[in-house]
Amino acid sequence: MRGQRAALRTSRAPARGAAIAALVALAPLLPAAAVALGSHEVDAEIPYLCTLPSGPQPATVRIRATLPERAAVGEEIRPTDVTTTLELPAAAVADLVALKAATVRAETQLTVGAAQNGQATEAVWRGTAEPLAVPAEGPLALTTTGDVPILTTDTAGDLALTAGGLAVDLAPSTADGAATTPAALSVGCVPGQDAQDRTRLATVPVGTGVPGGEPSTPPASPSGPVPPSSSSPVPGPDAPTAPVTEGGKGQDGTGGTTDGPAGKGPQAGPQVEDGAKAADANTPGTSSGRRVAPPCVTEKPTPTSLSAYITGYSNVRKLNGASLIPLSCVQIEQGTPEIEFRPDGTLHLVQKSVGGLSYQGRQQSPPFESTFLTFGFAPVTATMVLEQTGPMSVESDILLVFPDNIAETYIRVPLVLRVLDVRVNGTRLDVGPSCRTAKPITSPEPQPAKYPGDHMVLLGKGQLINGTDATGYVLTGGGPLTGEVDIPAFKGCGAGGENLDRLLTASISGSGNYIKQTQGQTCAVGVEVPTEGQCTEDRQPYVVPKPER
């Protein structure tokens, strides 16, 4: 960087006076892996039968994905570029028109069977779509996209993937943006009688992983499926230790165990891995040793564009547990640094910037899943999304005092917590497509007159001593950010006339939820020649941080 922004430096990174925003996401993101050579493109068009308000109707479902052409025993099989397109017939569109719907938003859950050597399991491929205009008549094609679970197997042999049932949640809205009555439609679809063998999506040979090689011998001690991502609470600033949730800690330290379901021990055959654990596994992703991370590409960078990865933990105090903040991408446009002389005689370098989350082109977190013991005994798994409802503000203030430079960075952002799916002891609890907090989550605001409204606040503190390494949180170098949030009451939860608002509010909502998050080194995306170790060749953040308690 040039001019004022090159005034401060640390051993970790040039301190360009740029603030980097960091955002809490309460649970896992499945990292997307680059498609390797020898990948297989899935493009299946399958006839389904869907149950609609007007009765059973035929529909066409098109499933697209990219899978590896083959895999080694124990190797992760990551479906990427997954889309599910449901073509609703004219009768279904007529049902929406009858509700005076002008737009409709869709969420899909496709059950995919994975079978190998007589053993089988199931995975759920979830997808969401932006609101789509409802035509006056004729068919309507709804395409959803989303992250899907990873498959692994400790046995050699062909792994067959087959499309099964499809659940579709529709949220229609009127022309003025109001919800229709009813506010949601749940559509269940199954492969039609004429689907026959067309439900087979792909067959992945599993062996040594070497083209033409013979299948390898299964390992003597296969590892079991990965546990959910719930964990012990994160120790807050006044709590040096944290209690352990029921069940104790597993070998991975996340509060689960490494055994199979119901304590049955390790299992052979195909296994579905939870996205949170996959994100936390820190699998080497390149020959240079950089760990696998989700995409973080700035589409139209400017000379002041920055990007970085974040991860960490967030407590849910009411449930006496914590949720993993997965590797997530944040992007910032820096403001102009200004020198301020304060009335107390101190000299400050201040910079105000704006930014946001970046996930598949939207300002939201990826869908994440967390499992807790509700009311002390009932295992509940919830899939959620954090939606950004306004600008993210980043205010960095460096107190210039020779030889020390004291830095404080405040990140403020309004976030609504949306619940996509809930399962109680494995049984789905239909919360509908509109379940969310009634207002953004909030934090204690140190300057309420200057920053009104509901928003989350994170604070990073650091010290830059001339000639030595920086400590704590340094703007472009990264570090820990902490905060505390109140989770508001929920609204719009339930389907078929059932109101679940009070249940979710009683289970989750409350104050005093401590957050500790770690931000990695930033990538100065728009700089012609980025500093070595900051950016990958395609201008994504190079440093991928690990979560810290």
Side-chain angles (χ1 to χ4, degrees), residues 50-54 57 59 84-109 126-146 167-187 354 356-357 359-365 367 384-392 413-421 430-442 452-455 487-502 504-505 509:
C50 297
T51 303
L52 302 161
S54 57
Q57 298 285 345
T84 302
T85 300
L86 170 64
E87 185 173 312
L88 293 173
V93 175
D95 290 336
L96 294 172
V97 173
L99 298 177
K100 299 182 180 180
T103 62
V104 63
R105 183 169 61 181
E107 296 177 2
T108 59
Q109 296 183 55
R126 293 182 173 88
T128 59
E130 292 296 309
L132 189 66
V134 176
E137 59 183 9
L140 173 63
L142 300 169
T143 299
T144 64
T145 62
V168 185
D169 290 327
L170 301 177
S173 300
T174 61
D176 59 1
T180 61
T181 304
L185 296 176
S186 294
V187 178
V354 295
L357 290 176
Y359 175 71
Q360 295 186 352
R362 291 167 285 186
Q363 286 194 328
Q364 66 171 60
S365 75
M384 297 170 282
V385 164
L386 282 166
E387 296 179 339
Q388 187 173 329
T389 61
M392 175 190 292
V413 59
L415 295 170
V416 167
L417 179 62
R418 181 174 165 220
V419 181
L420 305 180
D421 182 65
D430 192 353
V431 296
S434 303
C435 183
R436 65 189 65 214
T437 52
K439 63 178 184 177
I441 62 177
T442 59
D454 296 320
H455 54 264
I487 303 175
F490 285 81
K491 70 172 185 178
C493 303
E498 185 178 16
N499 190 332
L500 300 176
D501 294 352
R502 294 178 64 183
L504 269 74
T505 298
S509 302

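Basis for what follows: all heavy atoms, side chains included, without hydrogens, waters or symmetry-related copies.
Taking all atoms of both residues into account, the shortest heavy-atom contact from Leu88 to Leu170 is CD1-CD1, 4.4 Å. Here the shortest heavy-atom pairing between Met392 and Gln388 reads N-NE2, 3.5 Å. Of all the heavy atoms in Leu417 and Phe490, the pair that sits closest is CD2-CZ, 4.0 Å. Cys493 and Asp501 make their closest contact through N-OD1, 2.7 Å (heavy atoms, listed as atom of the first residue, atom of the second, distance). The shortest non-hydrogen separation linking Thr145 to Arg362 is OG1-NH2, 4.3 Å. Here the shortest heavy-atom pairing between Leu96 and Pro172 reads CD2-CB, 4.3 Å.
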All N/O donor-acceptor pairs, side-chain side in residues 132-139, below 3.5 Å, sequence neighbours left out:
none

Side chains of residues 97-106: which donor-acceptor pairs under 3.5 Å do they make with residues two or more places apart or in other chains?
none

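Looking at residues two or more places apart in sequence or on another chain, you find a side chain to side chain contact (heavy atoms under 4.5 Å, CB included) between Gln57 and Leu52, Ser54, Pro89, Ala91. Pro440 meets the side chain to side chain contact (heavy atoms under 4.5 Å, CB included) test with Thr389, Pro414, Val416, Asp454; sequence neighbours excluded. Glu498 pairs by the salt bridge (Lys or Arg N to Asp or Glu O under 4.0 Å) definition with nothing, not counting sequence neighbours.
Taking the side chain as every heavy atom from C-beta outward, His455 and Val413 never approach each other to under 4.5 Å.
Judged purely by distance below 3.5 Å, without hydrogens or angles, the side chains of Thr108 and Thr84 never pair a donor atom with an acceptor atom.
In this structure, the separation between CG on Leu415 and NZ on Lys439 is 14.0 Å, given to the nearest 0.5 Å.
Counting only distance, with no hydrogens or angles, the side chain of Thr174 and the backbone of Ala178 share a donor-acceptor pair below 3.5 Å.
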Practice prompt. Would you sort out whether Gln109 and Asp421 count as a side chain to side chain contact (heavy atoms under 4.5 Å, CB included), showing the intermediate values?
Written response: CA-CA 10 Å; Gln109 296 183 55; Asp421 182 65; 3.7 Å; yes
Worksheet item: Can you list the steps and then say if Cys435 with Leu500 is a side chain to side chain contact (heavy atoms under 4.5 Å, CB included)?
Response: CA-CA 9 Å; Cys435 183; Leu500 300 176; over 6 Å; no
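Sorted by first and then second residue, the salt bridge (Lys or Arg N to Asp or Glu O under 4.0 Å) pairs involving residues 167-178 (not counting sequence neighbours) are Asp169-Arg428.
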